[in-house]
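Everything on this sheet refers to the single structure shown next.
Computed over heavy atoms, backbone and side chain alike; hydrogens, waters and symmetry mates excluded. One-based numbering, in listed order, for ligands and for the atoms of each.
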Amino acid sequence: MSDLNDWQERFDRRVMRSIGMPLAKLDHGHGARVWDDAGNEYLDFLAGIAVNSLGHAHPVFVEAVSRQAARLAHVSNYFTSEPALELAERVVRLAGAGEHGRAWFGNSGAEANEAAFKLARLNNSGGARTRVLSLVDAFHGRTMGSLALTGKAHMREAFEPLPGGVEHIPATVEALEANLDDAVSALFVEPIQGEAGVVELPDGFLQAARELTRRHGALLIVDEIQTGAGRTGDWFAFQHAGITPDAITIAKGIAGGFPIGGLVTFGAASSLYSRGQHGSTFGGNPLATAVSNAVLEEIERAGLLENATLRGRQIRERVEALGSPLVSGTRGRGLLIGIGLAEPVAGRIVAEAMRGGLIVNAANDSTIRMAPPLIIDDADVELFAERFSRALDAVAAAL
Ligand SMILES: *Cc1c(COP(=O)(O)O)cnc(C)c1O
């Protein structure tokens, strides 16, 4: 039996059947490249789903993990540490959360949205606010609360009953106008719906959402888990819209691959939580927060916001210039990119790209999603164009 089949068999026998068979068994990485344990090299244009901001094995990441692990890794929420304080100050500053800004840390995106869901429940005006709004096709995570916010029926159905009061509305200004009233505690939005296939909000949506939530006393909570940490060319995607939310949730790219998530509140929303109402044993530990500080500092130092904007534009231009009949258009901002397909062949393109040494993702049948590390350079874009073009041609030829 070959090694390849061996890992697949082991996976099939012992790993919980909550996800499908992995595409490869990876062994190590460097920059925007990863290698499987058969020695095949891949250009990684998914980066662990928008997580490995600095790519793989970046010296800043390695140094931060090693240094902090050798000093103090975990203390529980009975204590704090310099890295935790510094990260709270840093994310409040980067989000522009102002003098009232506050941060809470957990360990994942779903946990960040749980904290935000509980924040929404605290905005209850003495029990009068029973409704929470989120968007059709939204993805906010897989825990019970974050799943209740998620607008994908096929993910929710098997797990009902979920926490109540959540309604999913279409991403239109008309739906906002029709649904916002004084019984709404919060509206949750992703500034770009990543899991739905890199779907952008209509023009003016965030501005209308801001105005209507303010008018009705509801919180505007922006899920920046996939779009944050510089991925769209600004620190957070809501900043492109020139609005101020009441809270944002963060995770994925903020520590470059170390597990962490968080909630950042603005203004009056910062006083909703009171002592004893939320916590996490691992949350805000010195190790995770030290790594996040180092990664965010490196993004700033190396000008990776500008690089995200520049490389994102280059990639989209290159894809459009290929003139493939399979490509119907490109979407997204910075280095969160969706490629619309004229045929439902995303799975075949992903498989063909893997065979040719390129990792991209099928967000759905007719969308390729890419979220490469923010560090990619000219040579990476060049290699991507070559390998992606070959994959498109192979799939087109077989149609
Ligand atoms: C990935 C993601 C989540 C969930 O994060 P996990 O760390 O997987 O729990 C929530 N919201 C958005 C927008 C995401 O992309």
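The distance criterion of under 3.5 Å between nitrogen or oxygen atoms is met by Gln226 with respect to ligand 1. The shortest N or O to N or O distance between Ala110 and ligand 1 is under 3.5 Å.
Glu86 has a carboxylate O that lies under 4.0 Å from a charged side-chain N of Arg90, or vice versa, which qualifies the two as a salt bridge. Taking the charged nitrogens against the carboxylate oxygens, Asp380 and Arg33 do have a contact shorter than 4.0 Å, which makes a salt bridge.
Listed by atom number, the atoms of ligand 1 under 4.0 Å from Glu190 heavy atoms are 13 (C).
Scanning the protein heavy atoms around atom 2 (C) of ligand 1, the nearest turns out to be Lys252 NZ, 2.5 Å. When only non-hydrogen protein atoms are considered, atom 11 (N) of ligand 1 lies nearest to Asp223 OD2, 2.8 Å. What sits closest to atom 5 (O) of ligand 1 on the protein, heavy atoms only, is Gly109 CA, 3.3 Å.
Shown here for Val291 and Ala64, the closest heavy-atom pair between the two residues is CA-CB, 4.1 Å.
The only option from Arg214, Arg102, Arg210 that meets the salt bridge (charged side-chain N to carboxylate O under 4.0 Å, His left out) definition with Asp246 turns out to be Arg210. Tested against Asp181 for a salt bridge (charged side-chain N to carboxylate O under 4.0 Å, His left out), the candidates Arg129, Arg215, Arg131 yield a single pass: Arg131.
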Report the C-alpha separation of His100 and Phe266 in whole Å, then their side-chain angles, then the decisive distance to 0.1 Å, and conclude whether the ring pair (Phe, Tyr, Trp, His ring centres under 6.0 Å) test is met.
CA-CA 6 Å; His100 299 294; Phe266 299 56; over 10 Å; no

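Contacts of His140 with ligand 1, taken as heavy-atom pairs under 4.0 Å, involve the backbone alone. Contacts with ligand 1 closer than 4.0 Å are made by side-chain heavy atoms of Asn113 only, the backbone lying farther away.
Other residues, nucleotides and ligands contribute only 12 or fewer heavy atoms inside 6.0 Å of the CZ atom of Arg10.
For atom 8 (O) of ligand 1, the nearest protein heavy atom lies 4.0 Å or farther away.
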